[in-house]
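Below, each value reflects all heavy atoms present in this structure, side chains not excepted, and no hydrogens, waters or symmetry copies. Chain naming here is simple, since letters A, B, ... match the order of the sequence lines and numbering starts at 1 in each.
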Protein chains: 2
Amino acid sequence: MNDIDEIDRRLVVALQRDAGQSLEVLGETVGLSRNACWRRIRALEQANIITGRIVTVDAARLGFGLQVFMQVRTNAHAPDWLEKFSNATRAMPEIQGVYRMSGDLDYLIRARVADMAGYDALYQRLIRKVPLSDVSASFVMEEIKETAQLPL
Amino acid sequence: MNDIDEIDRRLVVALQRDAGQSLEVLGETVGLSRNACWRRIRALEQANIITGRIVTVDAARLGFGLQVFMQVRTNAHAPDWLEKFSNATRAMPEIQGVYRMSGDLDYLIRARVADMAGYDALYQRLIRKVPLSDVSASFVMEEIKETAQLPL
DNA sequence: ACTGAAACAAGGTTAAC
DNA sequence: GTTAACCTTGTTTCAGT
């Protein structure tokens with residue numbers, strides 16, 4: 001498949017740290033001219049290896065001080081349950097991650113809310129949309145580490 | 001504290017979706033001139049509300065096809081255990097998230113590895129660094145949703 | 001096929017209002 | 001907050017390896 005060489009790897013590392021730096025300084029760090037960098041980055045984007053460019057924000061200072069993980073179980077084995085669950089969670093903006101886990105019919109949800117009242121509202125909305133046999137919530141007391149960087 | 005008005009809010013929303021767009025089009029979407037946008041964005045950065053600018057990547061295509069959540073328990077109540085645990089996990093680049101959870105002495109780790117062998121290596125390295133009484137791993141079979149956007 | 005150098009266009013930054 | 005000048009930086013062109 002689309003394999004990546006050492007220079008591309010270093011570019012991705014640099015851009016995962018800071019996507020705001022100029023092609024000039026990127027070129028210096030990877031040892032290439034500025035438009036060689038530019039073409040490689042464009043190629044990485046077109047190959048969907050680089051998928052986007054976003055800002056990171058301080059969630060707490062924007063009113064989302066509480067992070068919660070919800071472990072979800074269902075007893076509904078209907079074939080369309082997963083689709084309904086997927087659509088429902090995708091449509092709920094507080095939910096940042098939804099994962100189908102190993103261990104049959106076990107789902108994990110990661111969400112950000114303002115506070116406990118916000119969590120309860122989220123919970124109520126979710127169970128009204130999808131039948132869930134069991135939901136248990138664990139709240140994040142302290143974020144010890146949080147990064148999107150991959151160890152390339 | 002540093003409160004944010006409607007326009008700042010819309011700017012953050014737009015930049016969380018795509019930080020690559022020009023000040024011109026940002027200005028059109030929020031209804032402001034291009035350097036009014038520029039000054040607001042700079043203010044948001046200096047206030048550490050916008051904390052950075054990064055690229056998103058396809059983890060699987062970069063060789064990190066397996067995402068794992070590790071639930072960690074310890075019986076070591078020594079006062080410096082948490083510090084040792086924090087330092088160890090922060091220094092391990094496969095680990096993307098470490099959270100102290102509600103329910104005493106319960107930690108959650110989110111990590112990305114290539115495969116099961118990669119997970120085992122991570123696990124071995126972790127328990128060699130920090131005494132852990134119990135570690136249970138759950139593997140992500142399917143990523144149903146994954147975003148960093150906040151519902152502003 | 002991929003590079004670097006220079007010309008060019010676009011967008012970020014500053015100054016003035 | 002705006003508009004307009006400025007100048008860094010992204011983008012295209014082109015020729016060399």
* **Minimum side-chain heavy-atom gap B/Arg53-B/Glu45 below 4.5 Å** => yes
Pair up each side-chain donor or acceptor in residues 120-127 of chain A with any protein partner under 3.5 Å, not counting sequence neighbours, and list the distances.
unit_1: A/Arg125; atom_1: NH2; unit_2: A/Glu94; atom_2: OE2; d: 2.4

* Check whether any side-chain heavy atom of A/Leu132 lies under 4.5 Å from a side-chain heavy atom of A/Trp81, and answer yes or no. => yes
Show me the side-chain donor-acceptor pairs of residues 11-18 of chain A shorter than 3.5 Å, one per line, residues at least two apart or across chains.
unit_1: A/Asp18; atom_1: OD1; unit_2: A/Gly20; atom_2: N; d: 2.7

* To do: Using chain B heavy atoms and a threshold of under 4.0 Å, write down where along DNA chain C the contacts begin and end, 5' to 3'.
  => C/dG11 to C/dA15
* Asked: Rounded to the Å, how far apart are B/Arg53 CZ and D/dG10 P?
  -> 12 Å
* To do: Answer yes or no: is there a side-chain heavy-atom contact under 4.5 Å between A/Val130 and A/Thr89?
  => no
* Return the residues of residues 26-40 of chain B meeting this criterion: a heavy atom under 4.0 Å from some atom of DNA chain C. Order them by number, or give none. => B/Arg34, B/Asn35, B/Trp38
* Asked: Where do B/Asn35 and B/Leu23 land on the side-chain contact (heavy atoms from CB on, under 4.5 Å) test, with the steps shown first?
  -> CA-CA 7 Å; B/Asn35 63 3; B/Leu23 293 171; over 6 Å; no
* **Connected-component partners of B/Val25 among ILVMFWY, side-chain separation under 4.5 Å** => none
* **For atom CG of A/Leu15 and atom P of D/dG10, their distance in whole Å** => 11 Å
* To do: To the nearest Å, give me how far apart CD1 (A/Ile41) and P (D/dT9) are.
  => 14 Å
* Run through the side-chain heavy atoms of Ile, Leu, Val, Met, Phe, Trp and Tyr, join any pair under 4.5 Å, and report what else lands in A/Ile54's cluster. => B/Ile54
* Return the value, rounded to whole Å, for the distance between atom CD of A/Glu24 and atom P of D/dT11. => 14 Å
